Amino acid sequence: MLKIENLHASVAGKEILKGINLTIGAGEVHAIMGPNGSGKSTLANVIAGRDGYEVTAGSVTYHGKDLLAMKPEERAWEGVFLAFQYPVEIPGVNNTYMLKAGVNAKRKHQGEQELDAMEFMQMIREKAKLVELDQSFLSRGVNEGFSGGEKKRNEIFQMAVLEPSLALLDETDSGLDIDALRVVAQGVNALRNAERSIVMVTHYQRLLDYIEPDFVHVLADGKILKSGDKHLAMELEERGYDWVKDEAAAAV
Amino acid sequence: MSDVKPTTKQEIVSGIESDIKPEEFANQEYEAGFVTDIDADTLPPGLNEDVIRHISAKKDEPEWLLNWRLEAFRHWLTMTEPHWAHVQYPPIDFQSISYYSAPKSKEDGPKSLDEVDPKLVETYEKLGIPLREQEMLAGVAVDAVFDSVSVATTFKGKLKEAGVIFCPISEAVREYPELVRQYLGTVVPTGDNFYAALNSAVFTDGSFVYIPKGVRCPMELSTYFRINAMNTGQFERTMIIADEGAYVSYLEGCTAPQRDENQLHAAVVELVAMDDAQIKYSTVQNWYPGDENGVGGIYNFVTKRADCRGDRSKVSWTQVETGSAITWKYPSCVLRGDDSVGEFYSVALTKMRQEADTGTKMIHIGKRTKSTIVSKGIAAGHGNQSYRGLVNIGKGADGARNYTQCDSLLIGDSCGAHTFPYVVVKNQTATMEHEATTSKIGEDQLFYCQSRGISEEDAVNMIVNGFCKDVFNELPMEFAVEANRLMEVSLEGAVG
């Protein structure tokens, strides 16, 4: 369903992604690991359509459509969701209000009827339980005054509400203590199903203990150097990334 | 006079549908830009004592008022235009302005809406304020000021029953001369400032409100100002007096047709609150802002002041300012009574070449007086925006408190926001708090909303409305919706 071919992308004239090839099928969970500055977050942001990333070559197709030609909101309507590494505060904008606008924009795009306030409230109360998010957070400003852990939980809550078919989790585990990590992971696991693909960007094996991936990829210096299953992640935890780089260098 | 078709919303939307760039924010067209073709009785341009005598005679004014005007005019001649505000505009030729324009109507003027010129009613309907509907549905009494003479006043009966006086000031001069004379110029003296003096000399109309002792005004009072005739300055004068224990909520909405030349609007508003009285004064101002090159638009030079004369009195100013080429306006409170309270909540939006220098003055005189200032400035395009505020704690103001918060939001890279807070404290028991922030609508905020499926334009509206929330919450409910809509209309295409 998601197909990335020879993707090159630059930020401020500097090439970060240097030819990514990746195919992600329905219902699969992929983990993308790699050292700092390897391009993991760039990949997630390019897929979601953030400004400031210039795609210089390659393609990203999703359900056969050219994702790169779409605005970020159009990608959201097609089912793409990005859980932010650093969720943004929007003072004065009610969390529920923003989500309702997002959900209804998507429904409208899909030709479905918009949810009324009652239906929507009922739905989000259910979803809030999934990540043990206190009801009071629903009526607060978007991420306004939330702790780091609360912000990450709010991201997964939003994912539950928006029901994406492709969820990109950008370092969702960073800044979480072990209890919060467990809650967030439980939420993600509850959202796994045969149609929904999940791409997790992370530094650490730790997250993968809770959310077991089907595939693990090592991204370094803008390229995917190695792919495998969850055992690859364990090996990385033990041996670091250098051996993968050396292996790749030797192969050239 | 030409008859210009109103610009429809659809046209505006289609104009900005594709590829919105930040600079195109400047191209937002003005929705209320149409001219009504009505026979107007307009004085030729120019200002001298004869003109003032003419205005006074037209209005059948008593001798004392004419003398009051002439005195103000003579004082005005000795004054110079103020230039301390952080705004720039070419010099105004006060002799090229016509100081009186009244729609011609039947001998004694209309007695009900049915007698009002249908074209006039149509104008209001274009503005989205059908008087009839407001009468029936909203329960809002409207004193409509069309150019210089109030033409329609609704709900007089019900108000009269409550003892409330709500009428054009010219009528108040005839019907309640003693009341007018007692209060006129006691809050804003004729020589207060250049524009207040000019207004005192030539004011043509405005509203007069008197709420008797212990009466809670049974409905929101509303006035809609609209500048119509070419080259006419609008100099309205509004007075609201809330006697002991009275309460009133008053809203003014302003709009003006599209013109290439600049029009001057120099109003004076005087509020008086006696013991335990409360006045809530809300403004939604949408004067024509000029075009993207800064041609045309209203010069809005207004003096608004409240005198909290009585103990425990309270005055709240709430303003949403999205129009005018230049705004120069500082709704103020003189907190004379002990335990009196002054509040100022403001949202000002400047885009294209608009400039605004606005804020408030809180003059603490009485003991334990309290003031709150919440100012939200939004600048986009080449808009320039300044908050200027004075908090003055007098010697006798024991235990006075002030809280000031001024926040600025920038959209795009070509706009500016400035803050000029002045604080004078002569009493050591005072408590002062001041917070100020300047932020830019972040690309990350926009992207965050977009990645949740919200379009860029909706995201800008959402973020700006969130920013203004503290102020919108202060507006009467039915007008909060209008303010929200106005911001959305004003922000169409505002993406940075």
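The chains referred to below are lettered A, B, ... by the order of the sequence lines, with proteins before strands, and numbering in each begins at 1. Everything numeric here is computed off the predicted structure, so don't read it as measured data.
Expressed to the nearest 0.5 Å, how far CD of B:Gln450 lies from CG of A:Asp51 amounts to 7.5 Å. Atom CD1 in A:Ile47 sits 13.5 Å away from atom OG in B:Ser451 (nearest 0.5 Å). Between the CZ atom of B:Arg452 and the CD atom of A:Glu155 there is a distance of 4.5 Å, given to the nearest 0.5 Å.
If you check the side chains of B:Tyr448 and A:Gln158, you find a donor sitting under 3.5 Å from an acceptor.
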TODO: With side-chain contact (heavy atoms from CB on, under 4.5 Å) as the test, would you mind laying out the steps for A:Tyr86 and B:Asp444 before giving the verdict?
DONE: CA-CA 10 Å; A:Tyr86 304 109; B:Asp444 49 351; over 6 Å; no

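For A:Glu112, the CD atom is densely surrounded, since the number of other residues' heavy atoms within 6.0 Å is greater than 12. Summarising the local packing, NZ of A:Lys3 is surrounded by 12 or fewer heavy atoms from other residues, nucleotides or ligands at distances under 6.0 Å. By the neighbour-count criterion of 12 heavy atoms within 6.0 Å, atom OH of A:Tyr53 is densely surrounded, having more than that number from other residues, nucleotides or ligands. Within a 6.0 Å sphere centred on CZ of B:Arg401, heavy atoms belonging to other residues, nucleotides or ligands number 12 at most. Summarising the local packing, NZ of B:Lys370 is surrounded by 12 or fewer heavy atoms from other residues, nucleotides or ligands at distances under 6.0 Å. A:Gln122 CD: 12 or fewer foreign heavy atoms inside a 6.0 Å radius. Counting heavy-atom neighbours within 6.0 Å of B:Asp413 CG, excluding the residue itself, gives a total of 12 or less.
When each of A:Val93, A:Val142, A:Ile90 is checked for a side-chain contact (heavy atoms from CB on, under 4.5 Å) with B:Gln445, only A:Ile90 meets the rule.
Nearest heavy atoms, B:Gly453 versus A:Ala105: O-CB, 3.2 Å.
When side chains are defined from C-beta on, B:Ile454 counts as touching A:Met98, because their heavy atoms get closer than 4.5 Å.
In this structure, chain B has no heavy atom under 4.5 Å from any part of A:Arg75. A:Pro87 touches chain B through backbone and side chain together, each having a heavy atom under 4.5 Å away. Proximity to chain B is limited to the backbone of A:Glu89, based on heavy atoms less than 4.5 angstrom apart.
When A:Gly141, A:Pro91, A:Gly52 are compared by the number of non-hydrogen pairs under 4.5 Å with chain B, A:Pro91 comes out ahead.
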